[in-house]
Structure formats: C-alpha cells, structure tokens
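The structure appears below as structure tokens.
Note: hydrogens, waters and symmetry copies are ignored here, and every other heavy atom, side chains too, is used. Quantities reported herein were computed from a predicted structural model and do not represent experimental measurements.
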Amino acid sequence: MAQLNFGGVEENVATRDEFPLEKAREVLKNETIAIIGYGVQGPGQSLNLRDNGFNVIVGQRSPSKSWDKAVNDGWVPGETLFSIEEACEKATIIQYLLSDAAQIACWETVKSYLTPGKALYFSHGFAITYKERTGIIPPADVDVILAAPKGSGTSLRRMFLEGRGLNSSYAIFQDATGRAYERVVALGVGIGSGYLFETTFKKEVYSDLTGERGTLMGAIQGIFEAQYNVLRKRGHSPSEAFNETVEELTQSLMPLVAENGMDWMYANCSTTAQRGALDWKNKFRDAVSPVFEELYDSVASGNEAQRSIDTNSQADYRVKLDAELKELRESEMWQAGKVVRSLRPERQEVEA
C-alpha cells in the first residue's frame, strides 16, 4: 500500500507499481472466482478477469437475456457458465454483482454457499451498509470485500480494451482469513483498475448515491434541461440550444478537463469565456449547495436506499422505468441530440 498526497491530504492507494498484474495472478492462482449476475458490472469485470488470466466462471439464471448475452460473450454452459447455485458452490470468491434488489432476493441462496474461508465481493456498498434494510448479513468466517470501479461496466471493458485502466475504490468490511487486503487488491487489478483508493463500504455508498443523483447523472440532466429550455424560450433553435448545452461540453470541453484539469481548460478558452465562467461559477455553487446538502442527508438517513428497495422490487418496475426513459428519450432536447450526433464528421466518414 502506498500513500499519495492529494492537495495536502494523504490517502492510501494501491498502484500497479507495487501490485502489478503478475502479483495479482500469483495471489489468486488457487482461487475460483464466480461472477454472480451478468447485467451492469458482470460482463466487464468477468471478461477483463478472463483476459487477464484468472480462473473465472459466471453464475446466471437460465433462461434469461443475461444468460444469452453471456453465451454470446464466449462463456460456455457447463464449463464456465453455470446456474447461480452451481457457480457459488464451485467458487472460493463470490463476486456478488446482481442489482441491489436482486441481491436481496437471492441472498439466502448465496449465503448457503458461503463456507469458511471464502470471500464475498461487492462493487457497491449498498447491501452491507443498509444491512438492516436488505437483510444481507454475511457469516463471520468469510472475507467481505469491495472493489468499485468509478464508472459503468461498459466503460471498464472499453478502457481495458484500449489499454487503459478505470480507477476503483476498495474496502474491507470483514477480514476473516487475514488475506482480505491482498485478495481485494488483486481482484481490483484483475478487473482492470488503474489505481485503487481506500474507502469503507459506508463511504462508498454515500458518495456513490450522492454522485449518481448529483453531478454524474441527476444534476447534470437537470442543468442541461434548464439551460436548453431557457435558450429555446428565448428564440434559439433546437440545434443551437443543444450544441451550446450538451455537444460542446461533452465533445470539446470535458475531454480537456479530463486530460489536464479545469484550470487548464479555462486557460485555453477565450478570455471572454474565462471571465464569464469565473464570475458565474460561485453563483451556481451557492445555488446548488443546499440541494446537495439535502441529497447527502437523504442518502445518510437511508431514505434513498429505502426508496430504491421499494421501487426496484415492484413487479412493474421495468415497465415504469421504460416509460420514464421513453419520456426522456422523446424530449425535444434529446431528439435534437440524436440528429446532432448523426452529423458528427466521424459518423459521416464511417458511413461513407
């Protein structure tokens, strides 16, 4: 474990320098890793582990679309693809990557295969942090660990194929074997993490739920809608409103921020843009800070978790979700976005 300085704050991190892939393979050479669930994180993590040379199998319900996807990805029924029960029985490490609602529903099944010395792995702190609500309480004689990529499973896989790593957090809730640290870091390296920073299950889920509802998804869509609607109301065309709200941000400015930081991006924009951004950023910060405080309090109290449990476990959840996403997809802003994306030069070159 290394210590890095982040703006004057020391943090424990695990890097590829101290924990290379070869070391990760050695740590897990006698382990069988079972990926339970093949939805959001399962494909990316399992395929990266497989390509990195680890002994990995997949457990998934059949028949299901996820089972079919696993077969299409090269997992072989009876060899590397099994029922959830059989995969859990074969595994020494169970990577529990079902949705939060599905984890609750399948817990008694998975728990029955958690024999002493095994490891139970999560990529989200939800089930353990809110265990009084989820009922997921692991036995005392297994390791309980977490490696949480800071992005979707799709991004994890895409970056892996590009030769890059997606940063992840890691946490240890229970170290029954004395090997929890080396197990979790080896798994983090195996799934394709760039570096891993230390956290706790509680901090992971608090930051994750806040981020998803905040700048990563909820807040950014709300800001997009607000600016787009103002521009349209003031007479700007859908194309102009979308380009100024979304396209320039995602295609031009955010890549610069990702590469060099916000200060560098500011320094390389026009002086008019610099002045305006610096003058207005504090107004936006002060306007939304109370909303973020309210959001964090709702996460910490368990209200957000309970709402997720209640809604996601309803029989018609998918129907209601599809209706909400349909409304978003068919809004003028994202219909304009569909047209704008089709006009990007690289798309024209591909289609030519």
Report yes or no: do V56 and L28 belong to one cluster of Ile/Leu/Val/Met/Phe/Trp/Tyr joined by side chain heavy-atom distances under 4.5 Å? yes

I'd like to check the salt bridge (Lys or Arg N to Asp or Glu O under 4.0 Å) partners of E240; sequence neighbours left out, ordered by chain and number. none

State, to 0.1 Å, how close V299 and V205 come at their nearest heavy-atom pair, and which atoms those are. CG1-O, 4.3 Å

Got a sec, which residues hit salt bridge (Lys or Arg N to Asp or Glu O under 4.0 Å) with R50, two or more places apart in sequence or on another chain? none

Heavy-atom nearest pair, T199 first then S169, reads CG2-CB, 3.6 Å

Show the nearest heavy-atom pair for residues F54 and G190, with the distance to one decimal. CE1-CA, 3.6 Å

Between S193 and V189 (side chain of the first, backbone of the second, donor and acceptor by atom type, cut-off under 3.5 Å), is there such a pair? no

Taken in chain and number order and not counting sequence neighbours, the residues that satisfy side-chain contact (heavy atoms from CB on, under 4.5 Å) with L216 are none

Is the backbone N or O of A91 less than 3.5 Å from a side-chain atom of K118, with the two atoms forming a donor-acceptor pair by type? yes

Step-by-step side chain to side chain donor-acceptor pair (under 3.5 Å) determination, D310 to Q314: CA-CA 7 Å; D310 291 343; Q314 293 175 4; over 6 Å; no

Could you give me the CA-CA distance, side-chain angles and deciding distance for K65 and Q60, then say whether side-chain contact (heavy atoms from CB on, under 4.5 Å) is met? CA-CA 10 Å; K65 291 181 180 179; Q60 180 58 44; over 6 Å; no

May I ask you to decide if F82's main-chain N or O and K90's side chain share a donor-acceptor pair within less than 3.5 Å? no

Closest non-hydrogen atoms of Y206 and A300, given as atom of the first, atom of the second and distance, are OH-O, 3.3 Å

Count the heavy atoms belonging to other residues, nucleotides or ligands that lie under 6.0 Å from CE of M217, then report whether that count exceeds 12. no

Atom pairs and distances, donor-acceptor, side-chain atoms in residues 141-157, under 3.5 Å, two or more places apart:
{"residue": "D143", "atom": "OD1", "partner": "A176", "partner atom": "N", "Å": "2.7"}
{"residue": "D143", "atom": "OD1", "partner": "T177", "partner atom": "N", "Å": "2.9"}
{"residue": "D143", "atom": "OD1", "partner": "T177", "partner atom": "OG1", "Å": "3.2"}
{"residue": "D143", "atom": "OD2", "partner": "T177", "partner atom": "OG1", "Å": "2.6"}
{"residue": "D143", "atom": "OD2", "partner": "R183", "partner atom": "NH1", "Å": "2.8"}
{"residue": "S152", "atom": "OG", "partner": "T154", "partner atom": "N", "Å": "3.4"}
{"residue": "S152", "atom": "OG", "partner": "S155", "partner atom": "N", "Å": "3.0"}
{"residue": "S152", "atom": "OG", "partner": "S155", "partner atom": "OG", "Å": "3.1"}
{"residue": "R157", "atom": "NH1", "partner": "N48", "partner atom": "OD1", "Å": "2.8"}
{"residue": "R157", "atom": "NH1", "partner": "D51", "partner atom": "OD2", "Å": "2.9"}
{"residue": "R157", "atom": "NH2", "partner": "D51", "partner atom": "OD2", "Å": "2.9"}

Less than 4.0 Å between a side-chain N and a carboxylate O, is that true for K69 and D73? yes

To the nearest 0.5 Å, how far apart are CG in L209 and CD in E204? 8.0 Å

What's the verdict on salt bridge (charged side-chain N to carboxylate O under 4.0 Å, His left out) for D322 and K326, showing C-alpha distance, side-chain angles and the deciding distance? CA-CA 6 Å; D322 288 345; K326 182 175 184 288; over 6 Å; no

Please check this pair: side chain of T129 against backbone of F201, looking for a donor-acceptor N/O pair closer than 3.5 Å. yes

In chain order, what residues pass the side-chain contact (heavy atoms from CB on, under 4.5 Å) check against A273, with sequence neighbours excluded? C269, S270

Determine yes or no for a side-chain-to-main-chain donor-acceptor pair under 3.5 angstrom, with E304 supplying the side chain and L295 the backbone. no

Other residues, nucleotides, ligands: >12 heavy atoms within 6.0 Å of R329 CZ: yes

With sequence neighbours excluded, give me every side-chain hydrogen bond (donor to acceptor under 3.5 Å, both in side chains) pair touching residues 97-108. none

Distance-only donor-acceptor check, side chains Q45 and S123, under 3.5 Å: yes

N-O pairing of R344 and E247 below 4.0 Å: yes

Under 3.5 Å, side-chain donor or acceptor atoms of residues 281-293 against the rest of the protein: list the pairs with distances, not counting sequence neighbours.
{"residue": "N282", "atom": "OD1", "partner": "R285", "partner atom": "NH1", "Å": "3.3"}
{"residue": "S289", "atom": "OG", "partner": "R285", "partner atom": "O", "Å": "2.7"}

Checking Q227 side chain against E244 main chain: does a donor-acceptor pair fall under 3.5 Å? yes

Tell me, which pairs form a ring pair (Phe, Tyr, Trp, His ring centres under 6.0 Å) where one or both residues lie in residues 214-257, sequence neighbours left out? F242-W334

As a quick check of understanding, evaluate salt bridge (charged side-chain N to carboxylate O under 4.0 Å, His left out) for E31 and R25, giving each step before the final call. CA-CA 10 Å; E31 305 268 20; R25 290 194 189 113; over 6 Å; no

So CG of N167 and OH of Y195: to nearest 0.5 Å the spacing works out to 5.0 Å

List in chain and number order the residues that pass side-chain contact (heavy atoms from CB on, under 4.5 Å) with E26, two or more places apart in sequence or in another chain; answer none if no residue qualifies. K29

Do L249 and W280 belong to the same hydrophobic cluster, where Ile, Leu, Val, Met, Phe, Trp and Tyr are linked whenever their side-chain heavy atoms lie under 4.5 Å apart, directly or via other members? no

More than 12 heavy atoms of other groups within 6.0 Å of R213 CZ: yes

Quick one: pull up CD1 in I136 and NZ in K111 and give me the separation to the nearest 0.5 Å. 10.5 Å

Could you tell me if N243 and E248 have a donor-acceptor pair between their side chains, going purely by distance under 3.5 Å? no

Kindly check if the number of other-residue, nucleotide or ligand heavy atoms within 6.0 Å of CD (E294) is above 12? no

Side chain D175, main chain G178, donor-acceptor under 3.5 Å: yes

E182 vs R179, test: salt bridge (charged side-chain N to carboxylate O under 4.0 Å, His left out). Steps then yes/no. CA-CA 6 Å; E182 66 176 12; R179 297 182 56 234; 2.8 Å; yes

State which residues pass side-chain hydrogen bond (donor to acceptor under 3.5 Å, both in side chains) with E198; sequence neighbours excluded, sorted by chain then number. N12

Gap separating the OG atom of S46 from the CD atom of Q41, nearest 0.5 angstrom: 10.5 Å

Among all residues two or more places apart in sequence or in another chain, which pass the salt bridge (Lys or Arg N to Asp or Glu O under 4.0 Å) test with E162? R164

Starting at CD1 of I36, measure out to CD1 of I84 and round the result to the nearest 0.5 Å. 6.0 Å

Residues that P20 engages under side-chain contact (heavy atoms from CB on, under 4.5 Å), provided they are two or more places apart: E22, K23

Between atom OG of S83 and atom CD of E85, what is the distance when rounded to the nearest 0.5 Å? 4.5 Å

Looking at every non-hydrogen atom in both residues, tell me the closest pair between V185 and A14 and how far apart they are. CG1-CB, 3.8 Å

Looking only at heavy atoms, the pair that brings S342 and V339 closest together is OG-O, 2.6 Å

